[in-house]
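Both ligands and their constituent atoms are indexed starting at 1 by order of listing. For the numbers below, each heavy atom of this structure counts, side chains included, while hydrogens, waters and symmetry mates do not. Numbers here simply count residues along the sequence, with the first being 1. These numbers were taken from a predicted model, which means no experiment stands behind them.
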Amino acid sequence: MSFERFGIVSFTSQTKVNEFVDRLYKGKVSGSKCKNCGAAYFPPRADCCGCLSSDMDWFDIAGTGKLISYSTLSYAPTGFEEELPYTTALVRFKNNIQVFGRLSKTIKPEEIAVGMDLVVSSVELSGGRISYEFRKEKG
Ligand SMILES: [Zn+2]
């Protein structure tokens, strides 16, 4: 099951985890969108909580987002100990999609600022696990 290779443990319920992970391996960070009413979700949902439709489609989180908030952690949940310290962040992309994830370590702590532009991309972690992280647009 490919979920075991995905680094973020909280993506368990109400998500199409396997396909989400498969898409990460293809370099795509994806949410789901309701074909019926157009509501968009991240993390992806199998059902729309707006209109209860199960007719969902995938979309990729693309373009540049804005950092809304962040927190640097020196304690990590099981599976992340080797990654310390790291910074978790909430980033708002177009269509008001909010994505929670980690900041790339290529971003220096003194560079981190609310409102900065970030892109999201998939990243391989130690042990062949896959996740995604936020980076600066260039470099
Ligand atoms: Zn809907």
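Under 4.0 Å is where a charged nitrogen must lie from a carboxylate oxygen, and between Glu111 and Lys136 at least one such pair does.
Rounding to 10 degrees, one finds that the Zn ion (ligand 1) sits at the corner of an angle of 110° between Cys51 SG and Cys48 SG. Taking the Zn ion (ligand 1) as the apex, the angle formed with SG of Cys37 and SG of Cys34 is 110°, to the nearest 10 degrees.
Checking Ser30 against Asp60 by side-chain atom types alone, a donor-acceptor pair falls below 3.5 Å.
With sequence neighbours left out, Ser69 forms a side-chain hydrogen bond (donor to acceptor under 3.5 Å, both in side chains) with no residue at all. Applying the salt bridge (Lys or Arg N to Asp or Glu O under 4.0 Å) criterion to Lys35, with sequence neighbours excluded, gives Asp55.
Put simply, Cys49 stays out of reach of the Zn ion (ligand 1), with no N, O or S atom under 2.8 Å from it.
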